[in-house]
Amino acid sequence: MKYYIKLLKRGLKEPSRIFDNLLNPIHNIFADIFVISYPKTGRTWLRVLLGKFFSLQYDLPEKIILDTYKISGKTKKGRILFSHEGPFNVNNYSKYTKLKFKNRRYKNKKVVFIIRDIRDVLVSAYFQEKKRDSTYDNSLSDFVRSDYFGVKKIITYYNLWFLNKQRAGDFLLIKYEDLRNDTKKEFEKILKFIGYKKLKLDIIDKAINYASFSNMKKMEKINKFNNRILNASKGDKSGKVRKGKVGGYVDYLSENDLIYIDSAVEEIGVDKCDWYFKK
């Protein structure tokens with residue numbers, strides 16, 4: 001209950017978040033392409049990449065690049081909606097056992113599903129909840145083991161999509177680590193999946209440079225877009241854009257934490273699913 005109280009207080013300070021959540025049911029109906037991910041898997045970065053690409057490709061105002069649904073609607077390639085499947089799924093602070101797959105939502109729709117090593121996701125999610133959203137007060141080790149926030153929730157989320165990915169009209173798996181390692185190749189893969197057959201490589205290069213972590217940090221610091229999606233929270237020194245480092249979890253998770261994570265995958269992981277850890 002204390003988490004819901006904190007969320008309510010946060011919502012009163014950020015009415016745009018409430019407004020977006022009220023619009024989501026409508027956007028879910030009319031979206032043609034979904035970019036789905038568990039929180040903290042790099043979707044803000046991809047949102048900036050796509051937004052800048054659309055802005056350059058169609059000469060659209062830069063101020064709307066974070067509104068993916070709006071800017072993609074001007075491209076004739078289909079409306080794109082970024083989603084965690086919240087607020088009444090992942091972000092509802094219920095136990096991992098309460099997560100459900102939306103059976104009918106993705107029929108005849110394209111889905112880009114982003115995965116990231118669950119250990120890096122845990123660390124990033126912890127800083128988000130503790131530093132940025134102020135919804136969690138305990139240690140990282142407690143966070144990892146929490147039925148409401150921790151590793152079993154991420155595993156369950158991945159499991160649901162691994163078992164149901166065929167329900168989408170078309171499905172593309174993107175690994176955050178691959179996107180970091182070869183951004184151009186993976187970004188082109190996403191654009192082709194959206195429907196682009198001929199790509200202007202100079203525009204792709206400009207979008208990638210624009211969405212560099214150093215530039216995103218600068219934009220966040222000055223609140224360039226006046227948008228909570230890329231806006232430094234008060235008192236949050238870590239910021240929304242942190243490091244984006246692959247394998248950075250080794251600096252934060254203890255040996256006991258790593259053993260617990262491995263045991264959780266062993267306990268509830270789906271056979272043949274290789275999404276949990278970086279390969």
Side-chain angles (χ1 to χ4, degrees), residues 4 7 11 16-44 46-47 50-51 54 66-116 118 121 125 147-176 179 189-196 229 268-276:
Y4 288 101
L7 283 173
S16 63
R17 185 186 291 262
I18 296 175
F19 182 69
D20 287 348
N21 286 335
L22 291 173
L23 282 178
N24 269 341
I26 299 173
H27 290 169
N28 281 321
I29 294 171
F30 295 103
D32 303 289
I33 304 160
F34 288 87
V35 179
I36 306 289
S37 69
Y38 195 88
K40 312 311 296 178
T41 53
R43 77 171 194 164
T44 299
L46 181 55
R47 188 193 291 271
L50 281 171
F54 293 146
L66 293 181
D67 190 341
T68 313
Y69 186 81
K70 182 176 182 179
I71 197 169
S72 62
K74 300 178 181 296
T75 67
K76 298 182 180 180
K77 296 293 183 181
R79 290 190 178 274
I80 301 173
L81 183 64
F82 276 72
S83 174
H84 297 313
E85 298 180 315
F88 303 113
N89 193 4
V90 170
N91 295 332
N92 64 355
Y93 299 101
S94 60
K95 287 186 178 181
Y96 69 93
T97 53
K98 299 295 184 182
L99 293 185
K100 295 179 180 179
F101 186 81
K102 307 291 195 308
N103 288 320
R104 299 180 181 178
R105 178 171 294 173
Y106 307 103
K107 185 179 180 181
N108 301 321
K109 303 293 178 75
K110 291 183 177 181
V111 172
V112 178
F113 191 77
I114 309 171
I115 61 171
R116 184 184 185 186
I118 59 177
V121 174
D147 287 346
Y148 299 86
F149 295 94
V151 65
K152 289 186 177 180
K153 198 161 191 176
I154 306 173
I155 295 170
T156 301
Y157 188 82
Y158 281 12
N159 290 349
L160 288 172
W161 269 99
F162 182 78
L163 294 171
N164 291 284
K165 58 184 182 293
Q166 75 281 356
R167 294 180 182 271
D170 203 356
F171 182 87
L172 176 66
L173 181 70
I174 292 293
K175 296 180 180 180
Y176 172 83
L179 193 60
K189 188 187 299 184
I190 293 169
L191 291 172
K192 288 177 181 177
F193 181 76
I194 290 171
Y196 291 91
I229 292 172
I268 66 171
V270 172
D271 186 37
K272 297 183 180 179
C273 178
D274 61 353
W275 294 2
Y276 312 116

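Predicted model, so just to flag it, every value in this text is computed and none were measured. One-based numbering along the sequence shown. Side chains are part of it too, since the values below use all heavy atoms of this structure and drop only hydrogens, waters and symmetry mates.
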| said: With a 3.5 Å distance limit and no angle check, can you tell me whether Arg79 reaches the backbone of Tyr69 through a side-chain donor-acceptor pair? | reply: yes

| message | Return the CG to CD1 distance between Leu172 and Ile114, rounded to the nearest 0.5 Å. | response | 9.5 Å

| Can you tell me if Lys153 uses its side chain to pair, donor with acceptor, with the backbone of Ser94 under 3.5 Å? | yes

| request: Any chance you could measure Ile190, atom CD1, to Leu50, atom CG, to the nearest 0.5 Å? | output: 6.5 Å

| task | Report yes or no: does Asn28 contribute a side-chain atom to a donor-acceptor pair with the main-chain N or O of Arg105 at less than 3.5 Å? | result | no

| request: Test Thr75 against Ile71 for side chain to side chain contact (heavy atoms under 4.5 Å, CB included), laying out the working first. | output: CA-CA 7 Å; Thr75 67; Ile71 197 169; 5.6 Å; no

| note | Taken in chain and number order and not counting sequence neighbours, the residues that satisfy ring pair (Phe, Tyr, Trp, His ring centres under 6.0 Å) with Phe34 are Tyr106

| field | Any side-chain heavy-atom pair of Ile36 and Tyr157 under 4.5 Å | value | yes

| task | Could you check Tyr148 against Lys95 for side chain to side chain contact (heavy atoms under 4.5 Å, CB included), going step by step and ending with a plain yes or no? | result | CA-CA 5 Å; Tyr148 299 86; Lys95 287 186 178 181; 3.4 Å; yes

| task | Rounded to the nearest 0.5 Å, what's the gap from CD1 on Ile194 to NZ on Lys189? Could you check? | result | 13.5 Å

| query | Which atoms form the tightest heavy-atom contact between Val270 and Tyr276, and what is the distance? | reply | N-OH, 2.7 Å

| said: A cation-pi test, strictly: NZ or CZ of Lys74 under 6.0 Å from the centre of the six-membered ring of Phe54 and no more than 45 degrees from its axis. Yes or no? | reply: no

| note | Heavy-atom nearest pair, Tyr176 first then Thr41, reads CD1-O, 3.2 Å

| Donor-acceptor pair, side chain of Asn108 and main chain of Gly169, under 3.5 angstrom | no

| With sequence neighbours excluded, what pairs up with Phe162 under the ring pair (Phe, Tyr, Trp, His ring centres under 6.0 Å) test? | Trp275

| Main-chain N/O of Gly195 paired to Lys77 side chain as donor or acceptor, under 3.5 Å | yes

| field | Closest approach of Pro39 to Val121 (non-hydrogen atoms, all atoms of both residues) | value | O-CG1, 3.5 Å

| request: Drop me the distance from Phe113's CZ to Ser37's OG, to the nearest 0.5 angstrom. | output: 7.5 Å

| Distance, nearest 0.5 Å, that separates CG of Leu66 from OG1 of Thr68 | 7.0 Å

| Quiz item: cation-pi between Arg43 and Phe82, 6.0 Å / 45° | no

| Tell me, do Phe101 and Leu163 make a side-chain contact under 4.5 Å, heavy atoms counted? | no

| field | For the student: nearest non-hydrogen atoms of Lys109 and Ile29, plus distance | value | NZ-O, 3.4 Å

| field | Gap between atom CG of Asp147 and atom NZ of Lys98 - 0.5 Å precision | value | 12.0 Å

| query | Minimum heavy-atom separation for Ile80 to Ser72, with atom names? | reply | N-OG, 2.8 Å

| said: Checking Tyr196 now: which residues fulfil ring pair (Phe, Tyr, Trp, His ring centres under 6.0 Å) with it, not counting sequence neighbours? | reply: Phe53

| Hey, does the side chain of Lys175 reach the backbone of Ile115 with a donor-acceptor pair shorter than 3.5 angstrom? | no

| query | What is the minimum heavy-atom distance between Ile118 and Tyr158, and which atoms define it? | reply | CG2-CE2, 3.7 Å

